[in-house]
Number of protein chains: 2
Amino acid sequence: MPPQRKGASESRGGKREQLVSAACGLFHQQGVAATTLADIADRSGVPLGNVYYYFKSRDDIVAAVVGARSREIQDLGALLEKRHRSPKARLKALVSMVADQREAITAYGCPYGTLCADLVSPHDDSSRSLAAGLMQSLVAWTEQQFQEMGRRDARALALELVALYQGGAVVASALGDPDVLAQQARRMQRWLDSIEA
Amino acid sequence: MPPQRKGASESRGGKREQLVSAACGLFHQQGVAATTLADIADRSGVPLGNVYYYFKSRDDIVAAVVGARSREIQDLGALLEKRHRSPKARLKALVSMVADQREAITAYGCPYGTLCADLVSPHDDSSRSLAAGLMQSLVAWTEQQFQEMGRRDARALALELVALYQGGAVVASALGDPDVLAQQARRMQRWLDSIEA
DNA sequence: GTCTATAAAACGATAGAC
DNA sequence: GTCTATCGTTTTATAGAC
């Protein structure tokens, strides 16, 4: 077994986490299918053959990356809940963060959206459910904010907000134009303002 | 040179077109990076080695597919212009077609959007400009419709409509739920209705 | 636990017979 | 023009020394 459980010697070098972190970045920049184990090993400073000490297959790394991205969403949600009292303020802060990161998103697309798209392509069932779970993480947090606003149509509103973001990310990255995403973020802010609590 | 120019013996079997057609479908279903030349050759009924009689490299096939998808957009635009007099009716008909094809779009994503995303991933310049050109084809036709409606903000409106579509496609395919796309199409119809000519 | 070496298969691309 | 056979490389995955 790798570095025991998540106890003491977990981060002795934390090579497993380094591998996941490197894979996260490479999957975002190059796509899942185009990223090789050698790429991940190189960036992690781990010898190629040693990767199989931490993961039993390539698909295992993909699953670990999806888990990491999902936790990333949870953490971001928790941060926003700590920083802002009202759910609407949280959603507006989220959109504001998107606008701030428009350069990175334009360069490589939304980290969550492109990962989901890469996981949908193989018509493998287990891969598709990973994509569904990841997207659901994003929608679920958004939905909860609308629920706390007292909206019965929270799910529909959440799907709309996430779709607005994903659409902006796809078009902006395809055109290579961050202004598209900035404009879309402004639209999202206005749309949020128009939602009655 | 392959089958001469685009003259008489162009479609003697039309194997080049069969290859492009097969690649179109496979790129949509599996993604560009995950599709091998053997996949394309198999589906085309062309021997693997023979692919290089029609294309000098794999990248050449990718470029040909982008060209075919771009022509597809032109043809669809021309069809809508023939069928509907007013630009608004054309846009509404386009959204209606999206709703009708929601099953296929949910299964594999938007053929144009996912192709663009696959072309953005390699930080290769020529690949990125292919993505930009393809997305621009989609936006340009939409923009022209808004222009014919007399709108000065035609570009912004076009970007918004395309982003609404792409966002719906990403979320629907990630969740594997066609209803998300159907709902999004209804929103797009209402949004179009609210646009003053 | 960590690393090197390498097996086994898949892939892009080429050569050359017909 | 069409097809088969194959080269050289890359990629996933394993074996085994330390």
Side-chain angles (χ1 to χ4, degrees), chain A residues 1-23 26-27 29-65 118-119 121-124 126-127, chain B residues 1-23 26-27 29-66 118-119 121-122 124 126-127:
Chain A
M1 280 111 208
Q4 271 84 334
R5 47 195 160 178
K6 301 209 169 177
S9 70
E10 143 198 28
S11 54
R12 286 290 163 271
K15 297 205 178 176
R16 198 191 136 100
E17 287 155 32
Q18 277 177 253
L19 284 164
V20 172
S21 171
L26 286 165
F27 286 177
Q29 290 168 15
Q30 308 180 341
V32 174
T35 299
T36 69
L37 293 179
D39 290 336
I40 298 170
D42 275 3
R43 186 181 279 206
S44 308
V46 170
L48 174 58
N50 208 355
V51 171
Y52 288 90
Y53 177 75
Y54 300 98
F55 300 95
K56 75 175 209 301
S57 77
R58 187 183 187 279
D59 284 347
D60 247 46
I61 300 182
V62 174
V65 165
D118 285 353
L119 291 168
S121 297
H123 50 284
D124 173 48
S126 68
S127 189
Chain B
M1 284 106 209
Q4 273 86 334
R5 48 196 162 176
K6 301 209 168 176
S9 70
E10 146 200 24
S11 56
R12 286 291 163 271
K15 297 205 179 176
R16 197 191 136 99
E17 288 155 32
Q18 277 177 252
L19 284 164
V20 173
S21 171
L26 286 165
F27 286 176
Q29 290 168 17
Q30 309 181 341
V32 174
T35 299
T36 69
L37 292 179
D39 289 336
I40 298 170
D42 275 2
R43 187 181 278 206
S44 308
V46 170
L48 174 58
N50 207 355
V51 170
Y52 288 89
Y53 177 74
Y54 300 98
F55 300 94
K56 75 174 209 301
S57 77
R58 188 184 186 277
D59 285 346
D60 248 45
I61 300 183
V62 173
V65 165
V66 173
D118 285 353
L119 292 169
S121 298
D124 172 49
S126 68
S127 189

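The model shown is predicted, which means the values in this text are computed figures rather than measured ones. Letters go in sequence order (proteins before strands), and every chain restarts at 1.
- With hydrogens and angles ignored, the 3.5 Å screen pairs no side-chain donor or acceptor of B:S21 with any backbone N or O of B:E17.
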Each nucleotide N or O in nucleotides 11-13 of chain C that has a protein N or O under 3.5 Å away: list the pair and distance.
from	atom 1	to	atom 2	distance (Å)
C:dG12	OP1	B:R58	NE	3.0
C:dG12	OP2	B:L37	N	2.9
C:dA13	OP2	B:Y52	OH	3.1
C:dA13	OP2	B:R58	N	2.9
C:dA13	O5'	B:Y52	OH	3.3

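- Taking the side chain to side chain donor-acceptor pair (under 3.5 Å) definition, one finds that B:D60 meets it with B:K56, sequence neighbours left out.
- B:T36 meets the side chain to side chain donor-acceptor pair (under 3.5 Å) test with B:D39; sequence neighbours excluded.
- An OP1 or OP2 oxygen of D:dT2 is reached within less than 4.0 angstrom by a side-chain nitrogen or oxygen of B:Y54.
- Separating the NZ atom of B:K15 from the C1' atom of D:dT2 is a distance of 7 Å, rounded to the nearest angstrom.
- In this structure, B:F55 atom CZ and D:dG1 atom C1' are separated by 16 Å, rounded to whole Å.
- Residues B:V62 and B:D118 have side chains not in contact (no heavy-atom distance under 4.5 Å, counting atoms from C-beta outward).
- Screening B:N50, B:V51, B:I61 for a side-chain contact (heavy atoms from CB on, under 4.5 Å) involving B:L19 leaves a single residue, B:V51.
- As rounded to whole Å, 5 Å separates atom C1' of C:dG1 from atom OH of A:Y53.
- Within the 4.5 Å cutoff, no side-chain heavy atoms of A:Q18 are placed close to those of A:V46.
- Here the C1' atom of nucleotide C:dT4 and the CG atom of A:D42 are 15 Å apart, to the nearest Å.
- When the side-chain nitrogen and oxygen atoms of A:N50 are compared with OP1 and OP2 of C:dC3, one or more of them lie within a distance under 4.0 Å.
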